[in-house]
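A short write-up of the structure that comes next.
Note that this is a predicted model, so its numbers are computed, not measured.
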Amino acid sequence: MTQLQKSAGTLSTTIVDEEGEVFAPVEMQSVVEVVTKQILGLISSGALKAGDRLPSEVDLARRLRVGRSTVREVKQILGSWGFLRFEGTRGCFITEPQLSSGNADTNALLVAVRHGSLEDLHEARTILDTGVIRLVTLRITPAQVNEVEQLLDQLEQTINEPGVFFKAAAQFHVLLTSFCGNPILEKFHKLISEMALEDQLPEYQRESEPSEVLEIHRRLLRAVASGDVDVAEREMIAHLDESHHKTELASQRPANRASLVRS
């Protein structure tokens with residue numbers, strides 16, 4: 001028996017034998033995804049550096065044995081992510097994406113995030129966020145819990161303004177993480193969240209109801225306030241899984257393939 005699952009331009013084939021054993025899935029990636037990852041890999045390895053001119057569309061299409069339309073779509077994606085700078089007739093050049101806290105190391109991390117899959121990012125966030133939430137649960141004070149509750153009350157006032165609500169909702173995690181008591185983890189969490197939100201917030205917003213998101217955040221805060229680190233971790237995992245699932249749903253829609261090309 002063969003089961004097919006499709007997500008974000010990737011077709012996964014799962015083969016189940018008569019005993020119900022599942023073989024390792026075989027992934028058939030979209031051409032755009034393969035080319036995008038190949039160029040990101042060259043940037044990550046240093047083969048392509050900031051200031052280098054990308055070969056012409058004709059040259060790239062010939063070398064990669066793909067159509068010019070594929071090359072054009074990949075360039076648009078990399079341009080929107082800040083990895084390409086377009087200079088009219090001079091062509092396009094490799095550039096370093098700039099973040100508010102950007103430097104060479106941060107940009108290298110950004111390349112890794114872009115080069116990875118949705119599953120890679122979800123795994124990284126799960127490891128980081130669950131560790132952070134356990135620390136927060138151990139260290140947060142009643143006054144700090146009250147501060148987060150006030151933020152959620154303010155957030156509720158924007159529940160009928162999705163554009164405002166979802167951007168403001170990100171501050172919930174920023175504030176909660178600030179109570180972990182570890183400035184290194186706080187900074188690293190900020191960088192990963194900043195990168196993830198840049199890609200995923202529009203997709204997550206399209207699949208979510210503000211009232212449901214608010215309740216998810218309230219449940220997480222209640223878990224933290226309980227002082228039970230295991231309960232808080234389970235609630236954080238549930239939140240991350242919910243976010244990951246909705247982002248996957250949105251990324252499967254053909255209209256979103258150009259803005260999020262990952263397996």
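Atom-to-atom distance recorded for Ile133:CD1 and His189:NE2 is 8.0 Å, nearest 0.5 angstrom. Atom-to-atom distance recorded for Gln157:CD and Leu152:CG is 11.5 Å, nearest 0.5 angstrom. To the nearest 0.5 Å, the span separating CG on Leu176 from CG on Asp129 amounts to 10.0 Å. Going from atom CG of Leu48 over to atom CD of Gln38 covers 10.0 Å, rounded to the nearest 0.5 Å. In this structure, OG1 on Thr70 lies 11.5 Å from CG on Leu60, to the nearest 0.5 angstrom. Here the straight-line distance linking atom CG of Leu84 with atom CG of Leu54 works out to 5.5 Å at 0.5 Å rounding.
When all heavy atoms are compared, the tightest approach of Gly51 to Phe93 is O-CD2, 3.5 Å. Across Ile237 and Thr130, no two heavy atoms sit closer than the pair CG1-CG2, 3.5 Å. Smallest separation of non-hydrogen atoms from Ile159 and Ser211: CD1-CA, 3.4 Å. Between Ala223 and Val231, the closest heavy-atom pair is CB-CG1, 3.9 Å. The shortest non-hydrogen separation linking Asn182 to Arg139 is N-NH1, 4.2 Å. Minimum interatomic distance between Cys92 and Phe86 (heavy atoms only, all atoms of both residues): CB-CD2, 3.6 Å.
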Exercise for review: Using the side-chain contact (heavy atoms from CB on, under 4.5 Å) rule, take Lys190 and Thr177 through it: C-alpha gap first, then chi angles, then the decisive distance, then the call.
Suggested key: CA-CA 9 Å; Lys190 179 178 182 295; Thr177 301; over 6 Å; no
* To do: Would you sort out whether Thr126 and Glu123 count as a side-chain contact (heavy atoms from CB on, under 4.5 Å), showing the intermediate values?
  => CA-CA 5 Å; Thr126 299; Glu123 181 179 63; 5.8 Å; no
Audit row: Asp230, Arg134, side-chain contact (heavy atoms from CB on, under 4.5 Å) steps and yes/no: CA-CA 8 Å; Asp230 293 329; Arg134 291 179 73 90; 3.1 Å; yes
Verdict with supporting geometry, Val35 and Val31, side-chain contact (heavy atoms from CB on, under 4.5 Å)
CA-CA 6 Å; Val35 174; Val31 176; 4.2 Å; yes
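At a threshold of 4.5 Å between non-hydrogen side-chain atoms, the residues Leu40 and Leu78 count as touching. A heavy-atom distance below 4.5 Å is not found between the side chains of Gln154 and Gln171. Side chains of Val58 and Arg68 form a contact here, defined as non-hydrogen atoms less than 4.5 Å apart. Val132 places none of its side-chain heavy atoms less than 4.5 Å from the side chain of Leu135. At a threshold of 4.5 Å between non-hydrogen side-chain atoms, the residues Leu185 and Leu128 count as touching.
Among Thr141, Val224, Val148, the single residue meeting the side chain to side chain contact (heavy atoms under 4.5 Å, CB included) criterion with Phe179 is Val148.
Within the 3.5 Å criterion, the main-chain N or O of Thr158 finds no donor-acceptor partner in the side chain of Glu161. In this structure a side-chain-to-backbone donor-acceptor pair under 3.5 Å is present from Arg53 to Arg90. In this structure a side-chain-to-backbone donor-acceptor pair under 3.5 Å is missing from Asp59 to Ser56.
Put simply, Leu42 and Val66 are part of the same group of oily side chains (I, L, V, M, F, W, Y) that touch within less than 4.5 Å, one to the next. Linking Ile, Leu, Val, Met, Phe, Trp and Tyr residues whenever their side-chain heavy atoms come within less than 4.5 Å places Leu175 and Val136 in a single cluster.
With sequence neighbours excluded, the residues satisfying ring pair (Phe, Tyr, Trp, His ring centres under 6.0 Å) with His122 are His244. Shown here are the side chain to side chain contact (heavy atoms under 4.5 Å, CB included) partners of Glu242, two or more places apart in sequence or in another chain: Tyr204, Ser208, Ile216, His239, Lys246. In this structure, the side chain to side chain contact (heavy atoms under 4.5 Å, CB included) partners of Gln150, at least two apart in sequence or on a different chain, are Asn146.
Aromatic ring pairs are classed by plane angle as parallel below 30°, tilted from 30° to 60° and perpendicular above 60°; the pair Phe172 and His217 is parallel.
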